Amino acid sequence: MSDWGGKNSRPRNKKPAHGKNLAAKSSPNMLYLLRGPSGSGKTTFANTLLKAGIVDHVFEADDWMVDDTGNYKHDRSRLKYCHAECQRRTKQALERGENVAVANTLTKRWEVECYTQMTPNVTVITMEGRFPNVHDVPEDIVALQRVRMERWHK
C-alpha cells in the first residue's frame, strides 16, 4: 500500500549551525509566500532562505506528491490533500513561533489569502523567472499558470 505523503514526504527543515536561528529571534513566526508558475525560481529561493537560516521550514504542496519509495509522482486527484497538508504544516510551524517559506504556484488571490490569515507577519513574493522546472511540467501548463496569475496586493 502506498503511503503518499507519509514517511516519505519531503518537507525540508533545518537546524542552523550552533543551534542559532537569528531570523527566529528577530521576527518570530514570519511567513514567506513564494508564488509563481512552475520554473519561476520558487523552490530555489525557498531553499536559499532555509540554508541562510532565515526560515526553519520550507513547505510545498509537491512535498506530498511522492510515492511509497519517495519519488515524485504528480497525481492531480491528490492536489486538494497536498495543499491542505501544506497549509496544516505551515500553520503548526507558525504556531510554534517558527519561520516558514511556502513555495506554491498560488495563482489566485484566494489561494494566497488561505495563508495570510495564519499570521500578520507575511511577505508575499511573486516569482517571475523562467528556469527549467524541477518537475518537468509541460510548457503549455506553465503558460496557463502564467495566464492565471492574479496580481497580489494588500
Side-chain angles (χ1 to χ4, degrees), residues 4-67 70-74 78-137 141-142 145-146 148-154:
W4 284 86
K7 67 180 180 177
N8 293 321
S9 61
R10 307 173 301 151
R12 293 157 309 273
N13 59 63
K14 178 181 180 181
K15 300 240 187 270
H18 310 295
K20 295 179 183 175
N21 185 332
L22 302 176
K25 291 180 181 178
S26 64
S27 56
N29 74 338
M30 185 68 192
L31 175 59
Y32 297 89
L33 291 178
L34 310 175
R35 62 189 295 261
S38 299
S40 63
K42 300 179 303 291
T43 299
T44 300
F45 188 59
N47 287 330
T48 299
L49 294 173
L50 182 68
K51 289 175 187 169
I54 294 168
V55 299
D56 303 296
H57 305 278
V58 171
F59 298 124
E60 300 178 279
D62 282 339
D63 292 338
W64 290 275
M65 284 280 188
V66 293
D67 63 18
N71 295 314
Y72 178 79
K73 181 180 177 186
H74 184 80
R78 295 183 43 76
L79 279 173
K80 186 174 181 178
Y81 164 79
C82 294
H83 281 282
E85 192 63 17
C86 186
Q87 291 169 12
R88 184 181 72 80
R89 296 276 185 97
T90 298
K91 186 173 182 182
Q92 287 175 338
L94 291 170
E95 288 172 347
R96 291 190 303 266
E98 298 168 341
N99 297 337
V100 177
V102 172
N104 283 329
T105 54
L106 303 172
T107 58
K108 299 295 184 183
R109 281 188 290 275
W110 70 265
E111 294 169 322
V112 175
E113 290 166 355
C114 290
Y115 288 96
T116 61
Q117 296 172 8
M118 294 180 189
T119 179
N121 305 320
V122 181
T123 297
V124 179
I125 302 170
T126 300
M127 308 293 290
E128 297 179 352
R130 293 179 182 256
F131 307 101
N133 67 76
V134 296
H135 298 303
D136 297 321
V137 177
I141 301 298
V142 175
Q145 293 171 349
R146 290 186 189 285
R148 285 188 79 222
M149 186 67 62
E150 294 178 347
R151 289 182 51 90
W152 172 256
H153 53 84
K154 191 168 183 179

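Note that this is a predicted model, so its numbers are computed, not measured.
For the atom pair OH (Tyr115) and CD (Gln87), the distance works out to 4.5 Å, reported to the nearest 0.5 Å. Note that OG1 of Thr119 and CE of Met30 are 8.0 Å apart. Values are rounded to the nearest 0.5 Å. With rounding to the nearest 0.5 Å, the separation of CZ in Arg148 from OG1 in Thr107 is 3.5 Å. A distance of 12.0 Å separates OG1 of Thr116 from CZ of Arg109, quoted to the nearest 0.5 Å. Going from atom CG of Asn29 over to atom CZ of Arg96 covers 11.5 Å, rounded to the nearest 0.5 Å. Considering CZ of Arg35 and OG1 of Thr105, their distance stands at 9.0 Å, rounded to 0.5 Å.
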Inset, instruction - Start with the C-alpha distance between Val55 and Leu50, add both sets of side-chain angles, then the distance that settles side chain to side chain contact (heavy atoms under 4.5 Å, CB included), and finish with yes or no. - result: CA-CA 5 Å; Val55 299; Leu50 182 68; 4.1 Å; yes

Legend entry - Glu111 vs Asn104, side chain to side chain contact (heavy atoms under 4.5 Å, CB included): CA-CA, chis, key distance, verdict: CA-CA 10 Å; Glu111 294 169 322; Asn104 283 329; over 6 Å; no

Inset, instruction - Dump the intermediate steps for side chain to side chain contact (heavy atoms under 4.5 Å, CB included) on Trp152 and Glu113, then the final yes or no. - result: CA-CA 10 Å; Trp152 172 256; Glu113 290 166 355; 3.8 Å; yes

Legend entry - From CA spacing to verdict: side chain to side chain contact (heavy atoms under 4.5 Å, CB included), Thr90, Leu31: CA-CA 9 Å; Thr90 298; Leu31 175 59; 3.9 Å; yes

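No side-chain heavy atom of Ile54 sits less than 4.5 Å from a side-chain heavy atom of Asn99. Between Glu60 and Thr43, the closest side-chain pair of non-hydrogen atoms falls below 4.5 Å. In this structure, the side chains of Ile125 and Leu34 come closer than 4.5 Å at one or more pairs of heavy atoms. Inter-residue side-chain proximity for Arg78 and Glu85 is flagged as unmet; no heavy-atom pair is nearer than 4.5 Å. Annotation: side chain of Cys86 is in contact with side chain of Val102 (closest heavy-atom distance under 4.5 Å).
When atom types are taken as modelled, the side chain of Lys42 and the backbone of Met127 share no donor-acceptor pair closer than 3.5 angstrom. No donor-acceptor pair closer than 3.5 Å links the side chain of Asn47 to the backbone N or O of Thr44. Remark: the backbone N or O of Pro37 is paired with a side-chain donor or acceptor of Ser40 at under 3.5 angstrom.
The number of heavy atoms from other shown groups lying within 6.0 Å of CZ (Arg88) is above 12. Summarising the local packing, CD of Glu128 is surrounded by 12 or fewer heavy atoms from other residues, nucleotides or ligands at distances under 6.0 Å.
Shortest non-hydrogen contact noted between Ala101 and Leu49 is CB-CD1, 4.2 Å. Heavy-atom minimum distance, Ala93 versus His57: CB-CD2, 3.8 Å. Nearest heavy atoms, Cys82 versus Ala61: CB-O, 3.4 Å.
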